[in-house]
Amino acid sequence: MDQLPSNPYGLDLHPLRGALYDELHSRPFQVIPSPSRLTFLAAQIASESREQEFEHFQKIYEHFGHRAPEEDGVCYEADFGQVRVRREKHLEFITYTFVNLDVEVCADPFECSGISRIPEEWLRALPGTVVVSFHVAVEDARQQPEPPLPVVKSFFEGMRLVGSSPQGGDARVWTTFRLHSDGFGRFLIYNKRMSDSQLGRLTQRVMEIETYRLMALLGLPLARKYNPKLTDMDRQLAETTSNLAANGNLDERVLLGKLTDMAAWVEACRARTTFRFSATRAYHDLVLKRLAELREDEVSGHLTITEFMTRRLTPAVRTCESVSERLENLSRRIDRVSDMMRTRVELSIQGQNQELLASMDRRSKIQLMMQHTVEGLSVAAISYYMVGLLKYLIEALYNSGVAIDKSLTVGISVPVVVLVVWFATRKIHKKFLKLATERADQDDEAH
């Protein structure tokens with residue numbers, strides 16, 4: 001293809017424009033001839049091992065004498081003549097598809113496989129944890145008829161078969177959805193009226209169905225693990241709610257501690273399961289979409305792939321969804337009960353505060369009464385000392401020759417002194433009260 005100008009009209013192009021166009025072509029369908037043998041592997045790779053896995057993938061090029069790619073990519077498909085290797089990167093796993101075209105000497109469909117010509121030491125050193133592994137045998141039934149059913153069943157070691165005629169009967173697919181003696185699953189596809197491109201698309205859909213089926217089921221052990229504990233937590237929460245409704249004598253601190261522990265466990269459980277359960281739903285949707293694309297016809301006496309999936313896979317996915325919903329529901333209920341407990345504690349604290357304020361009010365009144373009493377006593381005391389001082393003054397005046405009646409003068413000064421002291425004391429009291437009122441008004445304006 002000729003190299004086209006990247007921007008002949010001088011347009012302002014988005015920097016991701018090229019990547020967006022290439023994304024739809026990043027995983028093209030394979031072209032699969034018949035007969036051929038395929039082996040499919042899907043392995044979960046830790047993020048820190050991705051670079052190591054790519055270096056290991058480069059070694060397969062070296063084994064067949066080809067130049068390995070230098071940069072990692074989403075999808076690589078290498079053609080080594082009679083052997084093809086396809087590697088695809090997904091969100092949480094990496095898949096390998098090995099295609100063996102040298103099948104003339106293989107009488108039994110599974111006598112040889114896609115990895116028959118792949119070095120065993122390379123397979124043993126494959127990084128990651130293999131979740132999906134199965135063989136696909138593609139046979140040409142365009143010129144010769146299919147073998148009888150007992151013979152087909154013998155290829156699957158006598159296990160119960162699941163079969164269908166996809167694409168309007170242009171092919172026949174047999175499987176068991178079980179592991180066989182070699183530790184791999186098996187699919188047998190008979191090509192009746194399909195081109196190599198059509199067969200490649202059919203094979204790709206079958207491989208994706210099996211891959212997404214197993215990846216979806218990864219959430220089921222988690223659901224089974226946490227489901228009994230959720231039942232116990234649900235019972236404890238129901239008992240707590242009943243105790244609150246009965247309004248008995250409860251230790252709020254102990255009860256809030258239990259609710260906090262329950263909430264912590266639920267949140268930890270959600271953190272461990274949210275991604276897995278979300279992935280289960282996503283993989284299940286992909287399985288249903290691929291099944292619809294098969295356009296299956298029934299094979300008399302056998303479950304189709306769609307029937308098998310809806311009877312076995314869908315209930316497992318519903319179990320995961322049920323546990324996920326129970327976790328969300330339990331989290332919301334714990335929050336509501338905790339809110340009720342906090343409300344109960346706040347009301348109790350408010351009651352205690354009201355009692356404390358009432359007690360403080362009573363003390364304030366008593367203190368005010370005592371203060372008035374003290375003020376009265378202080379007026380008498382101050383008046384007594386002032387009259388004593390005036391008495392000394394009157395005696396001094398009398399001794400100096402001033403003609404006054406000492407007793408009468410002292411007697412007249414007593415009520416005058418008392419009134420003056422009482423008036424001065426009241427004036428000082430009013431001044432302090434005014435200052436306190438002005439400070440309270442300033443605080444109210446500040447708030």
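- In this structure the side chain of Ile60 reaches within 4.5 angstrom of the side chain of Trp122, judged on heavy atoms.
- Taking each heavy atom of Pro315 and Thr310 in turn, the nearest pair found is CD-O, 3.6 Å.
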| task | List the steps and the verdict of side-chain hydrogen bond (donor to acceptor under 3.5 Å, both in side chains) for Arg326 and Tyr226. | result | CA-CA 10 Å; Arg326 288 187 67 185; Tyr226 290 113; over 6 Å; no

| said: Between Arg205 and Glu208, does the salt bridge (Lys or Arg N to Asp or Glu O under 4.0 Å) criterion hold? Intermediate values first, please. | reply: CA-CA 5 Å; Arg205 292 188 183 104; Glu208 289 177 351; over 6 Å; no

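- Proximity of the aromatic rings of Phe134 and Phe40 is defined here by a centroid distance below 6.0 angstrom, and this criterion is met.
- Residue Leu11 holds its CG atom at 8.0 Å from CZ of Arg17, rounded to the nearest 0.5 Å.
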| message | side-chain contact (heavy atoms from CB on, under 4.5 Å) for Arg333 and Asn329? Distances and angles first, verdict last. | response | CA-CA 6 Å; Arg333 290 172 57 198; Asn329 182 47; 3.7 Å; yes

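- Looking at Met194 and Asn191, their side chains come closer than 4.5 Å, going by heavy atoms from C-beta outward.
- Tyr96 has its side chain within reach of Ile94: a pair of non-hydrogen atoms, C-beta onward, lies under 4.5 Å apart.
- Of the possible donor and acceptor atoms, none in the side chain of Glu298 sits under 3.5 Å from a partner among the backbone N and O of Ser164.
- When side chains are defined from C-beta on, Trp265 counts as touching Lys229, because their heavy atoms get closer than 4.5 Å.
- In terms of modelled atom types and a separation under 3.5 Å, the side chain of Ser331 and the main chain of Glu328 share no donor-acceptor contact.
- Between Thr280 and Ala216 the shortest heavy-atom distance is OG1-O, 3.0 Å.
- Between Lys59 and Glu55 there is no salt bridge, since no side-chain nitrogen of the basic residue lies less than 4.0 Å from a carboxylate oxygen of the acidic one.
- To the nearest 0.5 angstrom, Gln236 atom CD is 10.0 Å from Leu259 atom CG.
- The two residues Ser165 and Val299 come nearest to each other via the heavy atoms OG-CG2, 3.7 Å.
- With respect to Glu157 and Arg178, no salt bridge is recorded, no charged nitrogen being found less than 4.0 Å from a carboxylate O.
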| request: Go through Leu237 and Met233 one step at a time and tell me if the side-chain contact (heavy atoms from CB on, under 4.5 Å) criterion holds. | output: CA-CA 6 Å; Leu237 186 60; Met233 298 282 282; over 6 Å; no

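- In this structure, His135 has its ring center no closer than 6.0 Å to that of Phe187.
- No salt bridge links Arg67 with Glu62; every basic N to acidic carboxylate O contact stays at or beyond 4.0 Å.
- When all heavy atoms of Gly169 and Asp297 are compared, the closest pair comes out as N-OD2, 3.7 Å.
- A salt bridge does not link Asp261 to Lys258: none of the charged side-chain nitrogens sits closer than 4.0 Å to a carboxylate oxygen.
- Salt bridge Arg50/Glu53: absent, no basic N to carboxylate O contact under 4.0 Å.
- Annotation: the span from Gln44 atom CD to Phe93 atom CZ amounts to 9.0 Å, rounded to 0.5 Å.
- In this structure, the side chain of Thr314 does not engage the main chain of Arg311 through any donor-acceptor pair within 3.5 Å.
- For Phe110 and Phe155, the ring centers sit 6.0 Å or farther from each other.
- Within the 4.5 Å cutoff, no side-chain heavy atoms of Val85 are placed close to those of Thr97.
- Ion pairing of Arg37 with Glu139 is present here, as a side-chain N (NZ or NE/NH1/NH2) and a carboxylate O approach within less than 4.0 Å.
- A salt bridge links Arg276 with Glu92; the closest basic N to acidic carboxylate O contact falls under 4.0 Å.
- Contact detail for Lys153 and Met159: the closest heavy-atom pair is CE-O, 3.5 Å.
- Only one option out of Arg295, Arg201, Lys192, Arg193 pairs with Asp170 in a salt bridge (charged side-chain N to carboxylate O under 4.0 Å, His left out); it is Arg193.
- For CZ of Arg142, the number of neighbouring non-hydrogen atoms (other residues, nucleotides, ligands) closer than 6.0 Å is greater than 12.
- Arg87 forms a cation-pi arrangement with Phe57, by the criterion of a distance under 6.0 Å to the ring centre and an angle within 45° of the ring axis.
- Rounding to the nearest 0.5 Å gives a distance of 8.5 Å between CG of Asp232 and CE of Met262.
- To the nearest 0.5 angstrom, Phe277 atom CZ is 8.5 Å from Leu220 atom CG.
- For the pair Leu188 and Phe156, the minimum side-chain heavy-atom distance is below 4.5 Å.
- With respect to the salt-bridge test (charged N to carboxylate O, under 4.0 angstrom), the residues Arg235 and Glu239 qualify.
- Contact annotation: the side chain of Ile189 never approaches that of Arg172 to less than 4.5 Å [non-hydrogen atoms, C-beta and beyond].
- Listed for the Ser36 side chain is no donor-acceptor partner under 3.5 Å among the backbone atoms of Ile32.
- Remark: side-chain polar atoms of Ser49 are not paired, donor with acceptor, to backbone N or O of Gln52 under 3.5 angstrom.
- Distance check: Arg213 CZ to Ile209 CD1 gives 10.5 Å after rounding to the nearest 0.5 Å.
- One finds a salt bridge joining Glu267 and Arg270 here, because a Lys/Arg side-chain nitrogen approaches an Asp/Glu carboxylate oxygen to under 4.0 Å.
- Here Arg318 pairs with Glu321 in a salt bridge; the nearest charged N to carboxylate O distance falls below 4.0 Å.
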| query | Passes side-chain contact (heavy atoms from CB on, under 4.5 Å), Gln30 versus Arg86? Steps please. | reply | CA-CA 9 Å; Gln30 299 184 75; Arg86 180 185 174 106; 3.3 Å; yes

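- Counting only heavy atoms from C-beta outward, the side chains of Leu327 and Cys269 approach each other to under 4.5 Å.
- Side-chain N or O atoms of Gln58 include one that pairs as donor or acceptor with a backbone N or O of Pro69 at under 3.5 Å.
- Under a 4.0 Å N-O distance rule, the pair Asp72/Lys89 qualifies as a salt bridge.
- Side-chain atoms of Glu296 come within 3.5 Å of backbone N or O of Thr306 as a donor-acceptor pair.
- Remark: of the listed residues Leu41, Thr211, Thr95, Thr211 is the sole one forming a side chain to side chain contact (heavy atoms under 4.5 Å, CB included) with Val132.
- Side-chain N or O atoms of Ser133 include none that pairs as donor or acceptor with a backbone N or O of Phe184 at under 3.5 Å.
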| field | side-chain contact (heavy atoms from CB on, under 4.5 Å) between Val162 and Trp174, worked out | value | CA-CA 6 Å; Val162 176; Trp174 295 103; over 6 Å; no

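- Counting all heavy atoms, side chain and backbone alike, Gly185 lies closest to Leu179 at N-CD2, 3.9 Å.
- The main-chain N or O of Phe64 is found under 3.5 Å from a side-chain atom of His66 such that the two form a donor-acceptor pair.
- Atom CD of Glu77 has more than 12 heavy atoms from other residues, nucleotides or ligands within 6.0 Å.
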